[in-house]
Amino acid sequence: MTFITEKNKIYSIYTILYNEYGPQGWWPVDGKYFPENEKPFEIIVGAILTQNTSWQNADRALYNLRQKKLISPQKIICTKIDVLRTLIKPSGYYKQKAARLRAISLFFLKHLKEEVPKREDLLKVTGIGPETADSILLYAFHTPVFVVDAYTKRMFIRLDLVEKDDTYTDIQNIFLNSLPCDHSLFNEYHALIVKQGKEVCRKRPLCSICILRKKKVCSFNFFITGK
DNA sequence: ATCCAGGCGTTAT
DNA sequence: ATAACGCATGGA
């Protein structure tokens, strides 16, 4: 007889999703830190470009920047704002995001030599909110922080593990208190949540194909009543 | 045609 | 403190 507590439920869900979907191949969990390696800065740029935007669109913008060899704080600062805007246009909100890329570039030129930035400092940068800050810390610097996004909230409300009015921090703490503190676990879990949120636990959910419902972790059930 | 995407800052209640 | 709004492109 085994009890499913809310704590190990969080971990069980990870296991089920991982077994179902496999590794998601998000930003790599090895490699060197910025500025020794330029890859982490590309992750940072990607984190901004994908704000409320599909990765496909963000990646087009990233591709343009890569072609022009602009993936470095120095280059972004030096690039004329109109050029920058044009290059990142496919990611949407291109005026805001151009300004945000400049702001984060300035931040890393000023504050960072080798060490990992502080979350509170990242949050002071214009355009860096909690999710982007945590994405940067997790995916670029391998800091074990759990990234919460709209998918996470929607999905875990349905799983009855999160309340409707829980804040970003509330939700984050639920995960941090339930999981071993491991950056590669957090990396993979967040990516799996995004996968599940996109394909199954959508705004209009497809409960009939949900692996979590099949495994009896989720009792939420959605029926289309009309038509 | 409508809705949605790996949010954030500003402004109104 | 929390809610609503604008920002913008490309795919389903």
Side-chain angles (χ1 to χ4, degrees), chain A residues 14 17 21 23-29 40 42-65 81-107 119-141 143 145-157 162-172 175 183-206 209 222 224 226-227:
Chain A
Y14 168 76
L17 293 177
Y21 299 124
Q24 294 303 295
W26 275 34
W27 293 311
V29 294
E42 183 170 314
I43 294 170
I44 290 160
V45 171
I48 288 171
L49 293 177
T50 196
Q51 287 172 349
N52 200 40
T53 301
S54 68
W55 178 253
Q56 191 173 16
N57 280 2
D59 199 39
R60 284 196 176 98
L62 209 47
Y63 176 84
N64 292 341
L65 294 175
I81 194 72
D82 291 347
V83 174
L84 196 54
R85 284 176 173 179
T86 304
L87 290 170
I88 68 171
K89 208 155 195 166
S91 73
Y93 310 121
Y94 59 93
K95 293 180 187 172
Q96 290 186 352
K97 285 177 178 175
R100 289 174 187 185
L101 290 182
R102 282 193 159 183
I104 196 68
S105 296
L106 221 45
F107 173 82
R119 187 184 138 106
E120 53 177 301
D121 292 331
L122 284 172
L123 289 174
K124 290 179 197 154
V125 179
T126 314
I128 307 298
E131 185 186 337
T132 308
D134 288 337
S135 291
I136 289 170
L137 290 170
L138 177 60
Y139 288 101
F141 294 97
T143 306
V145 290
F146 201 89
V147 176
V148 175
D149 66 353
Y151 290 128
T152 312
K153 183 162 185 176
R154 183 173 70 207
M155 182 173 153
F156 284 82
I157 284 175
V162 162
E163 308 278 339
K164 171 167 82 283
D165 55 351
D166 280 351
T167 65
Y168 185 97
T169 311
D170 294 334
I171 299 171
Q172 186 175 52
F175 285 88
H183 77 87
S184 60
L185 168 66
F186 295 166
N187 175 329
E188 202 59 56
Y189 202 165
H190 175 65
L192 287 165
I193 289 169
V194 171
K195 169 98 172 167
Q196 175 79 354
K198 262 199 266 214
E199 298 183 0
V200 182
C201 206
R202 314 181 311 188
K203 198 155 196 177
R204 210 165 117 263
L206 304 180
I209 63 164
F222 180 84
I224 302 168
K227 321 258 174 326

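These numbers come from a predicted model, not from an experiment. Naming: A, B, ... by sequence-line order, numbering from 1 per chain.
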- Query: What distance, rounded to whole Å, do you find between the two P atoms, one in C:dA8 and one in B:dT10?
  - Reply: 14 Å
- Message: So A:Val125, base contact, sugar-phosphate only, or nothing? Heavy-atom distance under 4.0 Å.
- Response: sugar-phosphate
- Do you know which two heavy atoms are closest between A:Leu192 and A:Leu17, and how far apart they sit? CD2-O, 3.8 Å
- Contact class for A:Tyr93 (heavy atom, under 4.0 Å): base, sugar-phosphate, or nothing? base
- Message: Is A:Tyr139 stacked against the base of B:dG6, taking the criterion as centroid distance under 5.5 angstrom and interplanar angle under 30°?
- Response: no
- Message: Go nucleotide by nucleotide along DNA chain B from the 5' end; which of A:Ile128 and A:Thr50 gets its closest nucleotide reached first?
- Response: A:Thr50
- Residue met sooner reading DNA chain B from 5', once A:Ser54 and A:Gly127 are mapped to nucleotides: A:Ser54
- Query: Looking at C:dG11, B:dG6, B:dC8, which one has an atom nearest to any side-chain atom of A:Thr132?
  - Reply: B:dC8
- Item | Under 3.5 Å: donor-acceptor pair, side chain of A:Gln172, backbone of A:Phe146 | yes
- Message: For A:Lys153, is there an ion pair with A:Asp166 - N to carboxylate O distance below 4.0 angstrom?
- Response: no
- Tell me which nucleotide among C:dA8, C:dT9, B:dG9 gets nearest to the side chain of A:Asn57. C:dT9
- Task: Taking only the side-chain heavy atoms of A:Arg100 (C-beta and beyond), determine which of B:dG6, C:dG10, B:dG9 contains the nearest atom.
- Result: B:dG9
- Check whether any side-chain nitrogen or oxygen of A:Thr53 sits under 4.0 Å from OP1 or OP2 of B:dG7, and answer yes or no. no
- Task: Classify the side-chain pair A:Thr152/A:Asp149 by whether it contains a donor and acceptor separated by less than 3.5 Å.
- Result: yes
- Do the non-hydrogen side-chain atoms of A:Met155 and A:Ile193 ever get within less than 4.5 Å of each other? yes
- Task: Check every atom of C:dC7, B:dG6, B:dC8 against the side chain of A:Trp55 and return the nucleotide holding the closest atom.
- Result: B:dG6
- Message: Is any side-chain heavy atom of A:Gln196 closer than 4.5 Å to one of A:Tyr21?
- Response: yes
- Message: Please tell me if A:Lys198 has a side-chain N or O lying less than 4.0 Å from either OP1 or OP2 of B:dG6.
- Response: yes
- Message: Counting only side-chain nitrogens and oxygens, does A:Tyr151 get under 4.0 Å of the OP1 or OP2 atom of B:dG6?
- Response: yes
- Message: Applying a 4.0 Å non-hydrogen cut-off, can you work out what A:Lys97 is touching in the nucleic acid: base, sugar-phosphate, or nothing?
- Response: nothing
- Of the listed B:dG6, C:dG11, C:dA8, the closest approach to the A:Arg60 side chain comes from C:dG11
- Message: With rounding to the closest Å, how many angstrom separate the P atoms on C:dC5 and B:dC3?
- Response: 15 Å
- Note on the structure: Whole-Å distance, A:Arg202 CZ to C:dA12 P, equals 13 Å
- Query: If you measure from the P atom in B:dG6 to the same atom in C:dG6, how many Å do you get, rounded?
  - Reply: 23 Å
- Query: In whole Å, what is the span from the CZ atom of A:Arg204 to the C1' atom of C:dA12?
  - Reply: 13 Å
- From B:dA5, C:dT9, B:dG7, nucleotide with atom closest to A:Gln96 side chain: B:dG7
- Atom CZ of A:Arg154 and atom P of B:dG6: how far apart are they, to the nearest Å? 10 Å
